[in-house]
A.B. asks: 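Okay, handing you the structure first.
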Amino acid sequence: MPGPVLVPILGDQLTRTLASLRGRAKDDTIVLMMEVSDEATYVRHHKQKIVLVFSAMRHFAEELRDAGWTVDYVKLDDPDNAGSFTGEVARAIERHAPRLVSVVEAGEWRIRHDMEEWADKFASEIEILRDGRFICAQAEFDEWAESRDTLRMEYFYREMRRKTGLLMDGDRPEGGEWNYDSENRKPPKDGLSAPERPKFEPDETTRGVIELVADRFGDHFGSLESFQWPVTRDEAEEAADAFFAERIECFGPYQDAMVAGEDDLFHSMLSTSINLGLLDPLELCQRAENAYRDGKAPLNSVEGFIRQIIGWREYVRGFYWHQMPQLQKANALNAQRSLPEFYWTGETDMACLADCIRSTRDNAHAHHIQRLMVLGNFCLLAGISPREVQDWYLVVYADAYEWVELPNVAAMILYADGGTMASKPYAASGNHINKMSNYCSGCKYSPHKKTGEGACPFNPLYWHFMHRHRERLEKNHRIGRIYATWDRMGERKQVEYLESAEVFLESLQPAGEGWARS
Ligand code: FAD
Ligand code: DLZ
Ligand code: SF4
């Protein structure tokens, strides 16, 4: 009798229509799910991320069983647990003697690399299937990228609009423009707040995982008390329903706004569910388009939301696979400084950074503009080593997987790829943060003070950065003109800026080893 088909499903593949399940006979298939210590510790993930993945995996296994599948589920505290995907697949092959192991390609390079060795390691036949949950196949991205020196998201996005037909009016973009970003940069008005999103109280399964994580990973970064993420498809759907009913209308205009203590604003807060596979990204975009067509949401908000998903999300994934493994080591600006300790402790007088780090610690989440304009901008200006910044972002967010984290960190915020993704570094001074947030009114520093005691550190750091990288950036037509302003300042002012920045940089306490990796 030939053995069954073994279908390993990884923690971010929790999708009922996954390619490896499609068309399979239930009585001839064993689904393998594995909680393994390697995945929980290759970086010291935020405790909420581990809870989220394990709880969602356990719920998904139950859902599959209820639907008639046989699931072999290996828990982390199984005494024989081999600790790695490869080790667990080896054990499962011994248990079930499958005629075929059918697995969907892993999202991360590290794991896909291991998977590619399974065919040599194991006697069973191995089949690695394409992950059909993405709209753009890698071959398609590579072909698009091949003829280009720079890979701008905007042009890729237009291709995805044409391919999916989303917000298209024949072969023209709906409303006549591809992009409504100019309507989507409203500063927060006083008292801006958003309807509260649904929060999901931990059920018995999640409570069990919380105990496990507190016991095994209690010294990892982040708080566990406030765990309220959706862990099933039904909960994720409820979260999406609430977004489309209550928040999408203002999603666009306030996309770049930040308000102290308002951790979600009008963002969808759906990235954790999308990345786990609980929600289908294309379906969400179709729902957004329907909201517009039904007159329930304005075009600028809906276009903005669809752009994030079929634009940015698809694009960074294509970019990751196109640029790996060299992207991990990219450091075009030769940034060498250590990450400051306050990124882990939150103890800083800079109110914007303190609030973003607090939200990160409490929720394992910060919204896009906080990750970009505050946390990322600081690392760019201060010249923090890309490796350390990458580790931090991979640890602290519940939605972090290397395929999406690394391009955003290395290329979008740090310009470490030398400009393949972004046409210029995303460098901003205190004025810009002040315009888009209410942080500065509660800060020890002033965004209006440029140098010396009490000056917002972003101000001198901005010019220190521009000065350090003059040779490279002066030639850049999108940013080069700024040097005319620098030159007009005169030497005394320039020295004040540079000295202020130096004093600040000297005062930074490096984090040291052990926070991100054991
Ligand atoms: P919304 O603002 O509601 O956006 C809708 C959806 O669009 C998101 O759920 C997400 O799926 C997608 N999206 C938006 N922006 C991006 C982007 N730049 N790249 C990819 N997808 C995007 N997102 C992750 O999912 N995982 C990460 O590890 C991650 N790391 C980031 C690191 C940095 C430095 C930056 C600047 C951004 C990062 N992002 C990451 C993108 C973005 O910040 C999050 O997707 C977003 O904050 C999630 O919250 P939300 O669901 O409310 O998003
Ligand atoms: C993030 C994560 C964690 C913490 N633990 C597991 C796990 O024990 N088992 C599992 O299947 N997946 C886990 N994941 C998600 C994986 O890291 C993710 O599937 C890989 O990065 C492949 O993309
Ligand atoms: Fe941040 Fe500067 Fe504003 Fe303080 S003054 S909140 S450091 S931008």
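In each ligand, atom 1 is the first atom listed, and ligand 1 is the first ligand listed. Note that the coordinates shown come from a computational prediction; the quantities given were computed from them, not determined experimentally.
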A.B. asks: Would you kindly specify which portion of Gln13 sits under 4.0 Å from ligand 2, judged on non-hydrogen atoms: side chain, backbone, both or neither?
C.D. replies: neither
A.B. asks: For atom 14 (C) of ligand 1, which protein heavy atom lies nearest, and how many Å away is it?
C.D. replies: Gln308 OE1, 3.3 Å
A.B. asks: Establish, yes or no, whether the cationic atom of Arg371 lies under 6.0 Å from the six-membered ring centre of Trp392 and within 45° of the ring axis.
C.D. replies: no
A.B. asks: Any N or O of Val53 that comes nearer than 3.5 Å to an N or O of ligand 2?
C.D. replies: no
A.B. asks: Find out whether Glu249 and Ser301 are in side-chain contact, i.e. whether some heavy atom of one side chain is under 4.5 Å from a heavy atom of the other.
C.D. replies: no
A.B. asks: Taking the non-hydrogen atoms of Met33, is any one of them nearer than 4.0 angstrom to ligand 2?
C.D. replies: no
A.B. asks: Classify the contact between Gln255 and ligand 1 as side chain, backbone, both or neither, using a heavy-atom distance cut-off of under 4.0 Å.
C.D. replies: neither
A.B. asks: Is a donor on one side and an acceptor on the other found under 3.5 Å between the side chain of Arg161 and the backbone of Ile306?
C.D. replies: no
A.B. asks: Before signing off on this row, confirm whether Gly11 and ligand 2 have an N or O atom pair separated by under 3.5 Å.
C.D. replies: yes
A.B. asks: Got Val43 and Lys49 here, is their nearest side-chain heavy-atom distance under 4.5 Å?
C.D. replies: no
A.B. asks: Please work out which of the three classes, parallel, tilted or perpendicular, describes the rings of His367 and His267, given edges at 30° and 60°.
C.D. replies: parallel
A.B. asks: Tell me which one of Ala288, Ala410, Ser271 gets a heavy atom nearest to atom 48 (C) of ligand 1.
C.D. replies: Ser271
A.B. asks: So for ligand 2, is Val36 a polar contact partner (N or O within less than 3.5 Å, distance only)?
C.D. replies: yes
A.B. asks: Measure the distance from atom 34 (C) of ligand 1 to every protein heavy atom, then report the residue, atom name and distance (to 0.1 Å) of the closest one.
C.D. replies: Tyr393 CE2, 3.4 Å
A.B. asks: Please determine, by modelled atom types, if Gln370 and Tyr439 share a side-chain donor-acceptor pair under 3.5 angstrom.
C.D. replies: yes
A.B. asks: For ligand 1 and Leu270, I'd like to know whether there is a polar contact (N/O to N/O, distance under 3.5 Å).
C.D. replies: yes
A.B. asks: Checking Gln308 now: which residues fulfil side chain to side chain donor-acceptor pair (under 3.5 Å) with it, not counting sequence neighbours?
C.D. replies: none
A.B. asks: Counting both backbone and side chain atoms, is some N or O of His267 under 3.5 Å from an N or O of ligand 1?
C.D. replies: yes
A.B. asks: With heavy atoms of Arg313 as the reference, note each atom of ligand 1 found under 4.0 Å away.
C.D. replies: 11 (O), 20 (C), 21 (N)
A.B. asks: Just heavy atoms, cut-off under 4.0 Å: does Leu10 contact ligand 2 by side chain, backbone, both, or neither?
C.D. replies: both
A.B. asks: For the aromatic rings, using the six-membered ring if either is Trp, is the centroid distance between Phe221 and Trp515 under 6.0 Å?
C.D. replies: no
A.B. asks: With a 4.5 Å limit on heavy-atom distance, are the side chains of His45 and Glu39 in contact?
C.D. replies: no
A.B. asks: Considering only heavy atoms of Arg110, which atoms of ligand 2 have at least one such atom less than 4.0 Å away?
C.D. replies: 17 (O), 21 (O)
A.B. asks: Consider every N or O of Asp12 and every N or O of ligand 2, then say whether any pair is closer than 3.5 Å.
C.D. replies: yes
A.B. asks: Under 4.0 Å, heavy-atom basis, I'd like to know which part of Met34 is in contact with ligand 2: side chain, backbone, both or neither.
C.D. replies: backbone
A.B. asks: So, using side chain to side chain donor-acceptor pair (under 3.5 Å) as the criterion, who are the partners of Asn431 when residues are at least two apart?
C.D. replies: none
A.B. asks: State, with a plain yes or no, whether a side-chain heavy atom of Met412 is found less than 4.5 Å away from one of Trp312.
C.D. replies: yes
A.B. asks: Just let me know how Pro281 lines up against ligand 1, side chain, backbone, both or neither, with a heavy-atom cut-off below 4.0 Å.
C.D. replies: neither
A.B. asks: Using side-chain heavy atoms (C-beta onward) and a distance below 4.5 Å, is Leu406 in contact with Gln328?
C.D. replies: yes
A.B. asks: Any idea which protein heavy atom is nearest atom 43 (O) of ligand 1, and the distance to it?
C.D. replies: His368 ND1, 3.1 Å
A.B. asks: Show the atoms of ligand 2 that are less than 4.0 angstrom away from any heavy atom in Phe54.
C.D. replies: 5 (N), 6 (C), 7 (C), 8 (O)
A.B. asks: Quick check: does any side chain N or O of Gln48 sit under 3.5 Å from a backbone N or O of Val396, one acting as donor and the other as acceptor?
C.D. replies: no
A.B. asks: Students should be able to answer this: which protein heavy-atom is nearest to atom 53 (O) of ligand 1, and at what distance?
C.D. replies: Ser268 OG, 4.0 Å
A.B. asks: Determine whether more than 12 heavy atoms belonging to other residues, nucleotides or ligands lie under 6.0 Å from atom OH of Tyr426.
C.D. replies: yes
A.B. asks: Relative to Trp321, does Arg112 satisfy both conditions: NZ or CZ under 6.0 angstrom from the six-membered ring centre, and within 45 degrees of the ring's axis?
C.D. replies: yes
A.B. asks: Taking the minimum heavy-atom distance to atom 17 (C) of ligand 1, which of Tyr315, Trp312, Phe319 ranks first?
C.D. replies: Trp312
A.B. asks: Please compare Glu405, Met269, His365, His367 and report which has the shortest non-hydrogen distance to atom 49 (O) of ligand 1.
C.D. replies: His365
A.B. asks: If you round to the nearest 0.5 Å, how far is CE of Met160 from CE of Met153?
C.D. replies: 11.5 Å
A.B. asks: So, regarding Glu108 and ligand 2 (criterion: nitrogen or oxygen to nitrogen or oxygen, under 3.5 Å), is there a contact or not?
C.D. replies: yes
A.B. asks: Suppose we screen for side-chain contact (heavy atoms from CB on, under 4.5 Å). Which residues come up paired with Ala239, at least two apart in sequence or across chains?
C.D. replies: Phe200, Pro230, Leu270
A.B. asks: How far is atom 6 (C) of ligand 1 from the closest protein heavy atom, and which atom is that?
C.D. replies: Ile309 CG1, 3.7 Å
A.B. asks: Please list the nearest protein heavy atom to atom 28 (O) of ligand 1 with its residue and the distance rounded to 0.1 Å.
C.D. replies: Ala400 CA, 3.1 Å
A.B. asks: Report, in ascending order of atom number, the atoms of ligand 2 lying under 4.0 Å from any heavy atom of Phe85.
C.D. replies: 9 (N), 10 (C), 11 (O), 12 (N)
A.B. asks: Does only the side chain of Trp403 get under 4.0 Å from ligand 2, or the backbone, or both, or neither? Count heavy atoms.
C.D. replies: neither
A.B. asks: Mind checking whether Glu108 and Tyr320 have side chains closer than 4.5 Å, heavy atoms only?
C.D. replies: yes
A.B. asks: Side chains of Phe141 and Glu314: closer than 4.5 Å at any heavy-atom pair?
C.D. replies: no
A.B. asks: With the side chain counted from C-beta on, respond yes when Ser385 and Asn331 share a heavy-atom pair under 4.5 Å apart, and no when they do not.
C.D. replies: no
A.B. asks: Considering His46, Arg112, Glu39 one by one, which has a heavy atom nearer to atom 4 (C) of ligand 2 than any of the others?
C.D. replies: Glu39
A.B. asks: Take atom 3 (Fe) of ligand 3 as the centre and count protein N, O or S atoms at distances under 2.8 Å.
C.D. replies: 1
A.B. asks: Side chains of Asp399 and Asn275: is there a donor and an acceptor less than 3.5 Å apart?
C.D. replies: no
A.B. asks: What atoms in ligand 1 come closer than 4.0 Å to a heavy atom of Ala366?
C.D. replies: 47 (O)
A.B. asks: Which bit of Asn275 is near ligand 1, meaning a heavy atom under 4.0 Å away: side chain, backbone, both or neither?
C.D. replies: side chain
A.B. asks: Just wondering, more than 12 heavy atoms not from Glu154 lying within 6.0 Å of its CD?
C.D. replies: yes
A.B. asks: If we set the cut-off at 4.0 Å for heavy atoms, which region of Asp399 has an atom near ligand 1: side chain, backbone, both, or neither?
C.D. replies: both
A.B. asks: So is there a nitrogen or oxygen of Ile274 less than 3.5 Å from a nitrogen or oxygen in ligand 1?
C.D. replies: no
A.B. asks: Applying a 4.0 Å heavy-atom criterion (strictly less than), which segment of Phe251 is in contact with ligand 1: side chain, backbone, both, or neither?
C.D. replies: side chain
A.B. asks: How close does the nearest protein non-hydrogen atom get to atom 23 (N) of ligand 1, and which residue and atom is it?
C.D. replies: Val404 CG2, 3.6 Å
A.B. asks: To which protein heavy atom is atom 18 (N) of ligand 1 closest, and what is the distance rounded to 0.1 Å?
C.D. replies: Asn408 OD1, 2.9 Å
A.B. asks: Can you tell me if Phe305 has a non-hydrogen atom under 4.0 Å from ligand 1?
C.D. replies: yes
A.B. asks: Should the pair Asp77-Lys75 be classified as a salt bridge under the 4.0 Å nitrogen-to-oxygen rule?
C.D. replies: no
A.B. asks: Please work out which of the three classes, parallel, tilted or perpendicular, describes the rings of Phe305 and Phe243, given edges at 30° and 60°.
C.D. replies: tilted
